[in-house]
Structures are given as structure tokens and as C-alpha cells.
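Single-structure report; data block below.
All values derive from a computational prediction rather than experimental measurement. Chain A is the first sequence line, chain B the second, and so forth, proteins listed ahead of strands; every chain is numbered from 1.
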Protein chains: 2
Amino acid sequence: MTTEERIRLQKQLVETIGLEYEKEGMQPVASRILALLMIMDKECFTFDEIIEELRISKSAASVALKMLQLRNNVEYITFPGDRKRYFRLKRVDPYHIFEESRRKMQLNIENIGKILALKANPNAPNNQFLKEIKQMMEFFIESLDQLKEAYLNRHNSSNFSS
Amino acid sequence: MTTEERIRLQKQLVETIGLEYEKEGMQPVASRILALLMIMDKECFTFDEIIEELRISKSAASVALKMLQLRNNVEYITFPGDRKRYFRLKRVDPYHIFEESRRKMQLNIENIGKILALKANPNAPNNQFLKEIKQMMEFFIESLDQLKEAYLNRHNSSNFSS
DNA sequence: ATTTTGGTTCGTGTAGTTGCGAACTAATTA
DNA sequence: TAATTAGTTCGCAACTACACGAACCAAAAT
């Protein structure tokens, strides 16, 4: 495979994976930027390179980048004597990936708790069902924490920025 | 707490939990219906009861209910000699909750695979990072499957409709 | 002091989403 | 056969999200 061929395929992949991020609820421009930073061989893009590569406006890039930094997906570095920001993927501890789904599930557990607390008959079929869901989620979160420990023990040699 | 008081609090909870479902991407009307079916003591609502309780139009209710049934969140039953549909929460196996996150993660793993396959230098920092993420997700999915088994073994006395 | 560089913020147009009422359908009842 | 019931579908208006360009700002270069 020639280099040009590879780059063409990479740009194609930016579009497909960008679309998938969109389906998961991320904004179109932010999805494309994140995909770009993951897929291309170049690991640091300047603001101008991003807007040029993706053909988006400065404002769209600015807003999306702010959001991606807030979400901890992207960071930038600078070099002395160079005002440009070099944006790149933020490399967080891999287990951080699960933090969001853990948070969501925790919220769900609390909600089910609130629902059950207001029920007249705690043993009605729906409530039995809700209780099972809650138990399953509690079991899952517990296991998640154990998994995290197990993973960290196995990989304690890695050095990431938190 | 009096019954009226409880019902008032339940209706309030329908609104708060409905809003949370909205934030997760569900449509407003569908969110309210789902919350209603989870929260109120009445376990079966007719179409008319739903539109009356939530003050929504027939069309909005129709569209939202179709969607909720498609998503496997709601089902309806009928009674002989009664044309009305009685909508209620669909009580699926609790571990079905995890199937979606498993699917998502599997997709992610495949995407990272595609990304890595197109890279010029597989050992560049970003790619090391992507590999770690991928490994973590693989480790997690494997564990998930074990968890599911463990859970099913512990709770094999329950009887759900699949 | 003025211009250039590297962005950010604001106001606007456009596309997409949502929910309503009206019109419709299919089954039942009168 | 006509009217009622139980919903569905359609067309439209209101609202929302998004991305653009223009204006703006702060730092550096000229």
C-alpha cells in the first residue's frame, strides 16, 4: 500500500468513525476532530491544520475544541517561541473510559431507589423487576471496581498523566 | 405520608426522571411515558390514560409508544372483549442492560483495530495508547461475560420473558 | 504605532426535531 | 348503515442545534 493510498483510507476512516461518534450524541465537528486526531499519523495538529483538513470554520473549530478539552478528550501543547497550539489526543489512564458509564449507572441506581421509595406496594411485579435491575447494576458497579483494581495491579508499570 | 401526597411526589418524579432521560438523548414525550410507567403504582395505562395524565396529543403518544416498543422498553397487553391496549413496562432479563454497552464496546474495539491497521508507525505514542485502550476494553468484555455467568448462576431461580 | 498571527465570541441563517390538530383507518357498536 | 372507539398518519408551525462569517481581542512582529 502506498503512502497516498494509506492517507486516503485514513481520511475515509475519519468520516466513518466521525459518523459513529455523531450517532453516540457527539456534535458533528467535534466528532471529526476527535477522529482526525486518533486516525492520522500526524499526532499534533495546529488549529489551522485542523480547519484546513476538515474544511470547517474557525468558530466551529474553536467551539468544538473547547468542548473536547472540557471532556478530557483533547489537550494542547505549546513550544517556546511559538504561539500556535498543538492539539493532540489526551492520553488518560485507560480505565477512565469506564468512569462515565459507572457514573450513569450510579445515577440510575439512585433513581430506582427514589422510585421504589414512593411505591405503595413494594412487591408489585414492576417493583420486583426494578429491584432486580437495581441489584444487577449494583453487582455490576462492584465488579467494575474490582476489575479496575485487577487491571491496575497488572499494569502498574505504565506511566500516564492522570 | 398520605396517598395524595405520595401521588403528588410520584408525578414530580416523573418530571425529574423524564428530564434525565431527555439528557441521555431520548425524546421528551417518550421520556415522560417511560418514567410514568416506571413510577406510578398503576402498572398498566391505556392510551387515553397516558395522554390524559401527561397532557400530550394522541399523535405524540402514538409516535413515542411505537418507538418505545421498538426499543423493547414498553409492551402492551389486551383483554378479550376490550379493544384498548394496556401499555406497561417491558420486563426483560436484567442482564440485557449490559448487552448494549457490550455491543458499543465491541464496536469501539473494532474501530481501534481499523485505525491501527492504517498507521505507518504502530509504535508511535498515540498508537501505544490506542492499543492499551483496546486491551482494556477486551479485558473488560471478557470479564463482563464472566460476570453475566456468575450473575445468572446466582439468580437462576427468576423467570423472565426473554 | 501598525500589522500580523492565533485564536474567541457574537449574531444570523439553515436544517432538523418535536408536537399539535385534523384527517384518516379499521374495528366495533347501535 | 351510521356512529363510536382506538388509535395512526400527515401537514404544519414552533422550537432547537449547528456552523458560518464578521467582528473582536491579545500577543507578537514589523
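- Side-chain atoms of A:D93 never come within 3.5 Å of backbone atoms of A:Y95 as a donor-acceptor pair (strictly under, hydrogens ignored).
- Remark: B:K66 is in phosphate contact with D:dT9, judged by side-chain N or O atoms under 4.0 Å from OP1 or OP2.
- Residue A:L9 holds its CG atom at 8.5 Å from CG of A:L13, rounded to the nearest 0.5 Å.
- Here the side chains of A:D41 and B:L118 are not in contact, with every heavy-atom distance at 4.5 Å or above.
- As a whole-Å value, the separation of A:F47 CZ from D:dA26 P is 17 Å.
- Note: CD1 (A:I50) to P (D:dA19) measures 15 Å, nearest angstrom.
- Listed for the B:E49 side chain is a donor-acceptor partner under 3.5 Å among the backbone atoms of B:T46.
- Aromatic ring centroids of B:F45 and B:F87 lie 6.0 Å or more apart.
- For A:E138 (side chain) and A:I109 (main-chain N/O), no donor-acceptor pair under 3.5 Å exists by modelled atom type.
- Atom CZ of residue A:F47 and atom NZ of residue A:K84 lie 13.0 Å apart, to the nearest 0.5 angstrom.
- Of the listed residues (B:R91, B:R88, B:K42), just one forms a side-chain hydrogen bond (donor to acceptor under 3.5 Å, both in side chains) with A:N126, and that residue is B:R91.
- Every residue was checked against the side chain to side chain contact (heavy atoms under 4.5 Å, CB included) condition with B:L70, not counting sequence neighbours, and none meets it.
- Taking 4.0 Å as the cutoff to heavy atoms of chain A, we find the contact window on DNA chain C bounded by C:dT5 to C:dC10.
- The stretch residues 81-89 of chain A comes close to DNA chain C through A:R83, A:K84, A:R85, each having a heavy atom under 4.0 Å from the strand.
- Residues from residues 51-63 of chain B with heavy atoms under 4.0 angstrom of DNA chain D, sorted by number: B:K58, B:S59, B:S62.
- Note that OG of A:S31 and CG of A:L36 are 12.0 Å apart. Values are rounded to the nearest 0.5 Å.
- Other residues, nucleotides and ligands contribute at most 12 non-hydrogen atoms within 6.0 Å of the CD atom of B:E52.
- B:E149 CD: 12 or fewer foreign heavy atoms inside a 6.0 Å radius.
- For residues 106-124 of chain A, the pairs satisfying side-chain hydrogen bond (donor to acceptor under 3.5 Å, both in side chains) are A:N111-B:E20, A:K119-A:N127, A:N123-A:Q128, with sequence neighbours left out.
- Remark: A:Q27, A:P28, A:V29 in residues 14-46 of chain A come within less than 4.0 Å of DNA chain D through at least one heavy atom.
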